[in-house]
Trainee: 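Please find one structure pasted underneath; my questions will follow.
Heavy atoms only: backbone and side chains are in, while hydrogens, waters and symmetry mates are out. Both counts, for ligands and for their atoms, begin at 1 and track the order of listing. Just so we're clear, the structure is a prediction, and the values are computed from it rather than from any experiment.
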Amino acid sequence: MLQVKSLTKSFDGFKAVNNANLDVQNGEIVAVIGPNGAGKTTLFNLISGILKPDSGQVLFKGDDITGLPPYEICRKRISRSFQVVNVFNRLSIFENTQISILSRQKKTWNLFTPSSSLAVNETNELLKNVGLYEKRDHISGALSHGDRKVLEIAMALGGNPEFLILDEPTAGMSPEETTRCIDLIKGLREKYGLTILFCEHDMEIVFGIASRIMVMVRGGTIVQGTCEEVRCNEAVQDAYLGGSDVCLM
Ligand code: ADP
Ligand code: MG
């Protein structure tokens, strides 16, 4: 479904992403792992159009989407969440979610219908599916960190994606919030038939939900394979754990 070929992006001569390769099949959950600064977020920014690569290619269902602006990538049904939560703080949960649905329905510029009455059923249904319906009138800036992360997933789903990119979905969450969020992601994948690409530091989560893993170090792909293949790969041990002879997990 998604193919990343030799993707490279430099910032002032520093190669943040350096010859990265990745493939994701339809229906898979693929994890990208790697130490801080490995280039995971930059890779997701390149796939989702926030940054333009210097070289390399991104193919989605066979179409070349390299360097397209984020809104065009979103229209191809690729949505994402951010490592640092990115919601409209002064709007309610309902309004944030409604905006994402309206932007897809292209009804954002209707002058004659009050916006509060648009896509109400769809917004409520989505909020029920992510467990935020009871809090729909709460102001987003005042929510717990865990709820804000989930709200962002709801906003990503409002774009009706087939392909969902999650940048550290459980970062900063309590253990209880983390468990709930992972169960939620698994359930949403089933419900919406999603293909998911995510990055995450918690190896228990990675090995628990990923069907395959790509390991990134210093901007490049070390290996992509099944959990088993990655777990005891020597290059991964050297690069990721500093030469430890103990397998990951
Ligand atoms: P990760 O998500 O794996 O922790 P990032 O993709 O955020 O890594 O960052 C990879 C490297 O690129 C880091 O060294 C980071 O400082 C650098 N980097 C990321 N974005 C920028 C930017 N906009 N300008 C300059 N350097 C950046
Ligand atoms: Mg990151």
Side-chain angles (χ1 to χ4, degrees), residues 2-24 29-58 65-71 73 78-87 145-146 148-153 155-156 163-173 177-178 181-182 185 196-207 209-210 212-225 227 230-231 233 235-242 244 248-249:
L2 183 87
Q3 259 188 305
V4 169
K5 292 183 183 173
S6 307
L7 214 56
T8 297
K9 175 72 184 178
S10 299
F11 297 110
D12 197 23
F14 171 74
K15 287 187 171 166
V17 170
N18 188 6
N19 203 18
N21 292 291
L22 169 73
D23 78 88
V24 183
I29 301 190
V30 171
V32 176
I33 64 168
N36 270 331
K40 305 178 295 295
T41 296
T42 307
L43 175 66
F44 289 177
N45 286 339
L46 292 170
I47 296 170
S48 57
I50 296 198
L51 293 172
K52 278 184 201 284
D54 300 331
S55 59
Q57 244 189 341
V58 183
I65 60 164
T66 319
L68 290 182
Y71 59 87
I73 293 198
I78 299 176
S79 290
R80 68 167 295 179
S81 72
F82 291 83
Q83 185 173 342
V84 178
V85 174
N86 203 357
V87 301
H145 176 68
R148 283 159 58 79
K149 292 287 266 189
V150 172
L151 171 58
E152 212 183 42
I153 294 176
M155 292 173 74
F163 192 93
L164 183 63
I165 301 172
L166 303 171
D167 193 345
E168 299 201 20
T170 68
M173 284 188 180
E177 284 176 326
T178 299
C181 183
I182 292 304
I185 291 169
I196 296 178
L197 175 67
F198 77 109
C199 71
E200 179 60 61
H201 282 293
D202 186 330
M203 288 302 141
E204 208 170 314
I205 295 174
V206 169
F207 285 104
I209 67 171
R212 289 190 304 138
I213 298 170
M214 187 273 248
V215 185
M216 246 186 134
V217 176
R218 287 187 287 279
T221 303
I222 299 253
V223 64
Q224 179 174 4
C227 299
V230 164
R231 213 186 286 265
N233 180 290
V236 176
Q237 296 300 331
D238 284 346
Y240 197 74
L241 295 178
S244 161
L248 280 168
M249 290 278 287

Trainee: Does Lys15 pair with Asp54 as a salt bridge, N-O distance under 4.0 Å?
Mentor: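 The answer is no: the pair does not qualify as a salt bridge.
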
Trainee: Backbone N or O of Glu168 within a donor-acceptor pair of the His201 side chain at under 3.5 Å?
Mentor: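 No; zero donor-acceptor contacts below 3.5 Å.
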
Trainee: To check your reading of the model: name the closest protein heavy atom to atom 23 (N) of ligand 1, its residue, and the distance in Å.
Mentor: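 Checked against all protein heavy atoms, atom 23 (N) of ligand 1 sits closest to Phe11 CE2, 3.5 Å.
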
Trainee: Check whether any N, O or S atom of Gln83 sits under 2.8 Å from the Mg ion (ligand 2).
Mentor: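 Looking at Gln83, which is the residue asked about, there is an N, O or S atom under 2.8 Å from the Mg ion (ligand 2).
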
Trainee: Below 4.5 Å, heavy atoms only, C-beta onward: do Leu22 and Leu197 meet side chain to side chain?
Mentor: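 Contact flag for Leu22/Leu197 side chains = yes.
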
Trainee: Do any non-hydrogen protein atoms sit less than 4.0 Å from atom 15 (C) of ligand 1?
Mentor: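 Looking at atom 15 (C) of ligand 1, one finds that no protein heavy atom lies closer than 4.0 Å.
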
Trainee: Under 4.0 Å from a heavy atom of Phe14: which atoms of ligand 1 are those, numbered in the order shown and with their elements?
Mentor: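 Within the 4.0 Å cut-off of Phe14, ligand 1 contributes 11 (C), 12 (O), 14 (O).
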
Trainee: Give a yes/no answer: is there an N/O/S atom of Thr41 under 2.8 Å from the Mg ion (ligand 2)?
Mentor: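 Coordinating: yes.
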
Trainee: Under 4.0 Å from any heavy atom of Ala16, which atoms of ligand 1 are there?
Mentor: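 Those atoms are 11 (C), 12 (O).
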
Trainee: How about atom 20 (N) of ligand 1: does it have a protein heavy atom within less than 4.0 Å?
Mentor: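 It does: a protein heavy atom is found less than 4.0 Å away from atom 20 (N) of ligand 1.
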
Trainee: Answer yes if the side chains of Asn21 and Thr221 hold a donor-acceptor pair under 3.5 Å, and no otherwise.
Mentor: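 Thr221 and Asn21 do not have a side-chain donor-acceptor pair below 3.5 Å.
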
Trainee: Counting only nitrogen or oxygen atoms and a 3.5 angstrom limit, does Ala38 reach ligand 1?
Mentor: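 N/O-N/O distance below 3.5 Å exists for this pair.
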
Trainee: Around Arg212, counting heavy atoms of other residues, nucleotides and ligands shown, do more than 12 lie under 6.0 Å from its CZ?
Mentor: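 Yes.
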
Trainee: Side-chain contact, heavy-atom cut-off 4.5 Å: Thr66 with Pro53?
Mentor: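 Answer yes - side chains close enough.
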
Trainee: Hey, does Gly39 sit under 4.0 Å from ligand 1 if you only count heavy atoms?
Mentor: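 Under 4.0 Å: yes for Gly39.
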
Trainee: What's the shortest distance from atom 7 (O) of ligand 1 to any protein heavy atom, and which residue and atom give it?
Mentor: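 Minimum-distance protein heavy atom for atom 7 (O) of ligand 1 reads Thr41 CB, 3.7 Å.
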
Trainee: Identify, for atom 6 (O) of ligand 1, the protein heavy atom at the shortest distance, and state residue, atom and that distance.
Mentor: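 Residue, atom and distance for the closest contact: Thr42 OG1, 2.5 Å.
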
Trainee: May I ask which of Gly37, Pro35, Gly219 has a heavy atom nearer to atom 13 (C) of ligand 1 than the others do?
Mentor: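 Nearest option to atom 13 (C) of ligand 1, by heavy atoms: Gly37.
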
Trainee: Where is the tightest heavy-atom contact between Pro169 and Glu200, given as atom of each residue plus distance?
Mentor: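 Of all heavy-atom pairs spanning Pro169 and Glu200, the closest is CD-OE1, 3.6 Å.
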
Trainee: With a 4.5 Å heavy-atom cut-off, do Arg80 and Asn45 have their side chains touching?
Mentor: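 With C-beta onward as the side chain, the pair touches.
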
